[in-house]
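In the text below, chain A, chain B and the rest are named by the order of the sequence lines, each starting its count at 1. Just so we're clear, the structure is a prediction, and the values are computed from it rather than from any experiment.
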Amino acid sequence: MSAAAPAMPVSRSRPRYLAIALAAMQQAVAYRLSTISSIIGNFFWVAILYYLWRAAFAQNADIGGFTWPEMRTYILLAYGINALVGFASASRMMYAIRTGDVVIDLIRPLNYLRTQLAMTAGAAVIEALASAAIIVLLGLAIHAVPPASALAFILFVISLLIGFVTKFLVVFTVSLLCFWTINSTGLNWAQGAVISLLSGTLVPIALLPDWLQVVANALPMRGIVATPVGIYLGQYTGWTLAGMLALQIGWLVVLWLAADRAWPRAFRAVEIQGG
Amino acid sequence: MPIIEARNLTKRFHRPVKAPGAAGALRHLIRPTYTDFTAVDGISLSLEPGESVAYVGPNGAGKSTTVKLLTGILVPTAGEVRVCGLVPFANRIANAKNIGVVFGQRTQLMWDIPVVEAFRLLGDIYEVPDDRYKQTMAELVEVLDLEPLLPVPARQLSLGQRMRCDLAAALIHAPPVLYLDEPTIGLDVAVKARFREFITYMHERRGLTVMLTSHDLGDIEELCPRMVMIDRGQIVYDGPFAEVTRRFGYERQLHLTLSAPVPDVPAALAPVIGGRAARITDAAEQQLSLTFDGRAITSGELIRDLATALPIADIRLVEPTAESIIRKLYQGELRFDAQPAETAP
Ligand SMILES: Nc1ncnc2c1ncn2[C@@H]1O[C@H](COP(=O)(O)OP(=O)(O)O)[C@@H](O)[C@H]1O
Ligand SMILES: [Mg+2]
């Protein structure tokens, strides 16, 4: 029980989706332990990859266009960024569909896609704070390189935000599959693995087999990690940079339209479970 | 003008048929088979503003499915439905502003967030103006006695406390229509009583139209003068609660006390009740119980015939109560044949 005196409810109304995002943020604070521990789990991979790559760079000064300082910065940022829209957010969407709790969202006068985006964004604020703190600490420890320029940093932040919504849309669309398959845990792991590979989190896309590079470079997932981190490191300039951002924005629009059309159909095609 | 109107409302589910186990799952993947299951089967129903209706029926009868059709969450397979003049599934968002819903098994509250914050969020979601929000909230807090619960996160509430909060949550935007789907599941008697008081209050004060699904007979009698009963997706009764006995209470009982022992009662009675819609349910020393179909024979006729065969000292006629009739329906002992739906009284 809270010790605070129960005040009469006072409200100053807030925009609907902002209010939803703030509530999700509060919820994430309540679950901060699990949020933070899953983010720390992510950084275990950073440690493993750090030592693997250090060994590889002992023989080579340049691997796939990366120097050692660039590579260690890349893996740190990649895992930090991929911590956004983490396992918990994906599980939340899938669980609601699987158990039929989704009816609670549907009896409200809200757009389901925007509601889920607001909730994911609210939780991501907490994920981002934890992740950023770890990135800064580890970055100092491993001598990560600073952004290529002030402009690169600004574009990095913009690209990161687009990447965040992109990842949300991918996860959201995949979660709709829960209407058909009831095994949400398997689905969640699978989408996590695919995103990790195709976004360039596991290894930079330049180091993937040629055919997979072609695929990964065309798909929206690279916008989640590879594009923002590449911009941070100053790997893209001029038209390449513009093209990268255009690809991100193009996919964002396509995915948004697809997701916004997909969910009412998914709801219609398959019925909602449970009384 | 009715506020809720359904005509021939039908919902058929397309259910996958899966054999158990991994092999069954695999077979389903390769060659999926489905069966159609009609959960709501041509329901016609109309509610006037301010009316409150109990929607009752055994488990699996199609109550929740009907509520989902009325909220616009499910799309009907056939038939028409309008709530406040809107077609719910085609105007889900507009319809959502007109309705409040409590699903007994789910909550609108948030697990780790104080109840008051969840209310505030709902106020924002429904875009309730500040002054209206304060006014409604004050009323709900008082009538439902929520003051001590406001700072508590939902996870720490008892079932009864959660139910009260969920009720308030459904009414923050002052909707004209309230659906309650099994809201009193697992509540103790005191909480149920308070719950009923509140619904009556809202109904009288705000002219709220209430549709309550329940299989708790206590709710029905006190809350809703009108009862709609469904069985296997079809309306089997629509009318006043008390009327049930008249319509379906044809199975009556006669208890006799004999003035002298009779060696073989069944044999003695065979000539008088043989072929008649009466049968012996219990026979002891000088006691005898009979059940008869009131549509086929009057109690007068039966008593007259019995008196010719047995030495009768005393007679007691037992009429079925509405409760016992409904209970029998639930237990599958009584089968109501579907009748053409009636319009509201
Ligand atoms: N999503 C669904 N898919 C398939 N069948 C369903 C679904 N939802 C409900 N049913 C079936 O429809 C029938 C009516 O269910 P429901 O409306 O929940 O009953 P009630 O609320 O009266 O207990 C049940 O037999 C149930 O199994
Ligand atoms: Mg039900």
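When heavy atoms are compared at a cutoff of 4.5 Å, Y31(A) approaches chain B solely by way of its side chain, counted from C-beta outward. There is no contact between L18(A) and chain B, counting heavy-atom distances below 4.5 Å. The contact between L122(B) and chain A is made entirely by side chain atoms (from C-beta outward), counting heavy-atom distances below 4.5 Å. Using a 4.5 Å cut-off between heavy atoms, Y179(B) does not touch chain A at all.
Counting only residues at least two apart or on different chains, the salt bridge (Lys or Arg N to Asp or Glu O under 4.0 Å) pairs with a member in residues 70-83 of chain B are R7(B)-E80(B).
W263(A) approaches R92(B) most closely through the heavy-atom pair CH2-NH2, 3.6 Å. When all heavy atoms of R106(B) and D101(A) are compared, the closest pair comes out as NH1-OD1, 2.9 Å. Smallest separation of non-hydrogen atoms from I125(B) and R108(A): CD1-NH1, 4.0 Å.
A side-chain contact (heavy atoms from CB on, under 4.5 Å) with I107(A) holds for exactly one of N95(B), I73(B), V67(B); it is I73(B). Just one of I93(B), I99(B), N98(B) meets the side-chain contact (heavy atoms from CB on, under 4.5 Å) condition when paired with P109(A); it is I93(B).
For F198(B), the CZ atom is densely surrounded, since the number of other residues' heavy atoms within 6.0 Å is greater than 12. The local environment of CZ in R155(B) is crowded, with over 12 non-hydrogen atoms from other residues, nucleotides or ligands closer than 6.0 Å. Applying the 6.0 Å contact sphere to CH2 of W256(A) captures more than 12 heavy atoms from other residues, nucleotides or ligands.
Counting only distance, with no hydrogens or angles, the side chain of R14(A) and the backbone of D124(B) share no donor-acceptor pair below 3.5 Å.
Ranked by heavy-atom pairs shorter than 4.5 Å toward chain A, the options L146(B), L121(B), V101(B), I113(B) are led by I113(B).
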Under 3.5 Å, side-chain donor or acceptor atoms of residues 165-172 of chain B against the rest of the protein: list the pairs with distances, not counting sequence neighbours.
unit_1: D166(B); atom_1: OD1; unit_2: T107(B); atom_2: OG1; d: 3.4
unit_1: D166(B); atom_1: OD1; unit_2: Q108(B); atom_2: N; d: 2.9
unit_1: D166(B); atom_1: OD2; unit_2: T107(B); atom_2: OG1; d: 2.7
unit_1: D166(B); atom_1: OD2; unit_2: R162(B); atom_2: NH1; d: 2.9

Under 3.5 Å, which donor-acceptor pairs do the side chains of residues 79-90 of chain A form with other protein atoms, sequence neighbours left out?
unit_1: N82(A); atom_1: OD1; unit_2: K167(A); atom_2: NZ; d: 2.9
unit_1: N82(A); atom_1: ND2; unit_2: T201(A); atom_2: OG1; d: 3.4

Next on the checklist: Set out, in order, the CA-CA distance, both residues' side-chain angles and the distance that settles side-chain contact (heavy atoms from CB on, under 4.5 Å) for R16(A) and Y126(B), then state yes or no.
Outcome noted: CA-CA 8 Å; R16(A) 298 186 285 171; Y126(B) 287 95; over 6 Å; no
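The interface of residues 110-119 of chain A with chain B, defined by heavy-atom distances below 4.5 Å, comprises L110(A), N111(A), Y112(A).
In this structure, the separation between CG on L106(A) and NZ on K68(B) is 10.5 Å, given to the nearest 0.5 Å. To the nearest 0.5 angstrom, E117(B) atom CD is 10.0 Å from L22(A) atom CG.
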